[in-house]
Amino acid sequence: MTGIAAETGAPRSRRRRPFAVRGLLRGSVPYLLVAPVLLVIGAVLGYPLYKLVTLSFQQYGLPELIQRKGTWIGLDNYESVLRDEIFWDTLVRTIVFTAACVGLTIGVGTLLALLLVQVSPWVRVLLTGGLVFVWSMPPVVAVQVWYWMTNFENGVLNYVLTELGIGDYSQHDWYATTFSKLAMVTLLIVWGALPFVALTLYAGLSQVPRELVEAASIDGAGAWRTFRDVTFPVLRPILLILTSLSIIWDFGVFAQPYLLIGASQVNADNYLMGVYVYIEGYGHSDFGRGAAISLLMLLIVALLSVFYVRRMVKVEEAT
Amino acid sequence: MNVRHFAAAALVAALAVMAIGATGASGRSSADTLTVWLQVDAQSGWPDVVAAATAQFKSQNPGWDVDVQYQTWGTHLGKFDATLAGGNAPDVIEMGNTEMTKYMAAGAFQDLSGASFPNQSTWLEGLAASGRYLGKTYGVPYYAGSRVVTYRTDLFRQAGIKRLPTSLAQYTAAARKLGARNKAKNFSPVYIAGTDWYVAMSFVADFGGTIAVQNSKGGWVGTLDRPKALAGLAAFKKFFNAASRASKVTDEARPQPYDVYSRGGAASMIGPGWFSCCVGTHKAATGQFVMPSHTKGQPMPGFLGGSDLAVPIGADRDKAAAWIRAFTDNASMTALRAKGNIPNTTSMLGSSVNERAARRSWFVPTAKHWVSVENGNILRTMLARILTNKMTIKQAAEVASDNIAFTLNQR
């Protein structure tokens, strides 16, 4: 269009202006359409985030909370957090914990999805139903049920293990050590996250062209080879999203560790980031420091996700 | 496509944030409703007393309603902080006596010095002191509770224990007899949760130890690693190993000791006097005695727990005080005493087992940051380390002492 206008010469200058206005209008339409969403995001997420950032630069304890006025102290909160050994220990522990949770969730979720494809329809309905039940259970309820099953005094898990003759598990304390405490939390979280991952991947598996699988098996490829070279490439973008989401969820998880380990048992030996920020912010009524920790957490999760996404994208480009 | 996903995700996030906001702590509901936060102890133990106070308040203040919301000890301060920030704190709040100092120092409560309350001149001094700060009254004593031993008279008889123990050594011997007669692996002659620091610190106090003391400059020094406290901790460990089959890392709320007791898992338990309320079918065969000291004939010092009622800033002070008056009058106190509590006034003290146990008591250091020691689980962590042999008593006590001093001396 512009090319034609340029060739006709004289009318060009007269026609340019209305064109420009219309172009401007047309160009702004997408922005106008997005504007309400941006406004909502700005109001609902932006403002609290802004408050959080300003809070993190203030001395803001209980007296300040009541006065609703903090004292500006610059980077002091960040400095005290970054100098705190507990912060670094907690960070390392949380990263290992997140890696275990995400790895197990994605691994077992993939296996479950593959199983769903293989089984007969009615078993699939049963399995899917079970998964949806798990997914619909609120975390707080799930924690109560898990604690009840694994409790020390008369837990059903200890009873079953003992009755099966696996060993004497009566009065076995599943929460005795830091490792076993966190292992129980890991199991609970993986259990709760499996349905989402398994069902999403199952949906993804329906996108795998049947001909390709058949062709592969005719060419003599085994199950593993078919999965690696045919199924996996189709699932990769879904796995990418699921993994990123899982990292974000598991890194900041609070309800499960806090409730399962118990308010009276969480301490510097078993803090995860979510619990740490709660204790520092709420437990000690040091809200400025709590805000600083949450912003650091946000930064770390962003870094972890970016690192992971870039790696996956690179792998995708290379293949 | 991407934008659409993003927009959808943003919408979901926005909804989630709103949902979280909507389920947040509720505070004052309307102008003519008095919101009262009490602990669940009142809900399970004496709901009739609460109802009577509310009825009395309503008849004296026509048009007013009372919304009693029950809280749990573990979470009520976090919720209270949130309502303080939101400007919708309750009108009356029950505070543990160990929790008062921090909030009084921060200016969270209204001065009640001008108002008058029933039995004010004979308030239990220990409790009244926990509600005073810089000469002003911020907390009205609600009730106190000493800790006693609740025991199964039938099991004691079967084990051939003819006289109730009057020393720690006798109690330990009784526990051995009870254990020999009841061989189930999870049967506790004396149920004590491993990290029940109220019990453990009673042993420390019994041997003359303390948790922390203030030096001449006003700073706090942790004292659990001093010889007397160490002796107390050693005695606690010895007694626990001889008498309790509870988890070494659990606390006294998971499970509730009276739940273990009522299903036959314990011959006795150490805890608040009102534990006798919830013993199920063993009610007729349940008695109580004072926890004996290692010195024969003496009671072991018990933690004098208690609650105060305070009026947060922003509340209607006069109406709140009126409800508190109704809730702490003679009729209420008589009813609370009948439930095994210690009333807030010395004029009603008798010689019940609680009241005898209250004769020797200990209290936590009255430091502004004491609550952080509790919230940080410093003492519980120490006890778990000692009982599971993760550290020696001395090592664990040294670590705890350092942590306590650090926490109490914060700005």
Side-chain angles (χ1 to χ4, degrees), chain A residues 30 33-34 36-38 40-45 47-48 59-68 86 147-148 151-155 158 162 168 170-178 180-181 241 245 258-259 261-270 278-287, chain B residues 3 6-7 10-11 13-15 17-18 21 72-75 77-78 81-82 84-85 87 89 102-103 105-108 184-186 193 195 245-255 259-260 263 265 312-314 369 371-372 374-378 380-381 384-385 388 390 403 407 410-411:
Chain A
L33 288 174
V34 173
V37 174
L38 287 178
V40 170
I41 295 175
V44 179
L45 294 177
Y47 180 69
Q59 157 68 29
Y60 207 98
L62 195 60
E64 290 82 6
L65 182 82
I66 292 161
Q67 309 286 325
R68 297 198 208 152
I86 297 175
Y147 188 74
W148 174 78
N151 95 58
F152 170 85
E153 290 294 327
N154 47 6
N158 285 345
T162 311
D168 184 5
S170 65
Q171 291 224 303
H172 179 78
D173 198 335
W174 295 97
Y175 303 91
T177 65
T178 301
S180 62
K181 276 187 185 110
I241 291 172
L245 285 176
Y258 186 73
L259 294 174
I261 295 174
S264 72
Q265 305 299 319
V266 290
N267 58 45
D269 292 343
N270 57 39
Y278 173 78
I279 297 290
E280 290 294 318
Y282 268 92
H284 298 162
S285 300
D286 196 343
F287 304 100
Chain B
V3 171
F6 180 66
L11 185 66
L15 286 173
V17 169
M18 281 189 274
T72 58
W73 286 112
T75 56
L77 291 184
D81 291 353
L84 281 175
K102 174 180 166 187
Y103 285 85
K185 205 180 157 191
N186 60 356
T195 67
R245 300 288 165 271
S247 162
K248 289 172 175 155
V249 299
T250 199
D251 61 76
E252 64 282 2
R254 242 175 36 164
D259 284 338
V260 178
R263 67 166 172 73
I313 50 159
H369 287 294
V371 175
S372 294
E374 285 190 25
N375 287 340
N377 292 323
I378 296 175
R380 292 189 195 278
T381 307
R385 283 171 175 159
T388 57
K390 214 175 149 191
N403 282 340
T407 308
Q410 284 175 86
R411 54 184 176 184

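Convention: sequence-line order gives letters A, B, ...; per-chain numbering from 1. Just so it is clear, the model here is predicted, and its values are computed rather than measured.
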Heavy-atom nearest pair, B:K185 first then A:D168, reads NZ-OD2, 3.4 Å
Minimal heavy-atom distance between A:I261 and B:R254, with the atoms involved, is O-NH2, 3.1 Å
Under 4.5 Å to a heavy atom of chain A? For B:L77 that would be neither
Separation between CG (B:L84) and CZ (A:R68), nearest 0.5 Å, reads 8.5 Å
The interface call for B:T250 against chain A, heavy-atom contacts under 4.5 Å, is both
Heavy-atom nearest pair, B:D81 first then A:F287, reads OD2-CZ, 3.9 Å
Cut-off 4.5 Å, heavy atoms of chain A, and the answer for B:V371 is neither
Review point. Within a strict 4.5 Å, meaning less than it, do heavy atoms of the A:V266 and B:N377 side chains meet?
Key: yes
For A:L65 and B:A85, the nearest pair of non-hydrogen atoms, with its separation, is CD1-CB, 3.3 Å
Interface check, chain B: of A:D269, A:T177, A:N151, most non-hydrogen pairs under 4.5 Å belong to A:D269
If one checks every heavy atom of B:R263 against chain A at 4.5 Å, the contacting part turns out to be side chain
One should read off an interatomic distance between A:Y282 OH and B:T75 OG1, to the nearest 0.5 angstrom, of 12.5 Å
One should read off an interatomic distance between B:Y103 OH and A:S285 OG, to the nearest 0.5 angstrom, of 4.5 Å
Note to self: Using modelled atom types and a 3.5 Å cut-off, is there a donor and acceptor pairing between side-chain atoms of B:N186 and backbone atoms of A:F152?
What the structure shows: no
Minimal heavy-atom distance between B:S372 and A:G283, with the atoms involved, is OG-O, 4.4 Å
Tightest non-hydrogen contact, residues A:Q265 and B:T195, listed as NE2-OG1, 3.3 Å
Under 4.5 Å to a heavy atom of chain A? For B:K102 that would be both
Pair count under 4.5 Å, heavy atoms only, with chain A: among B:G376, B:G265, B:A384, B:A246, highest is B:A246
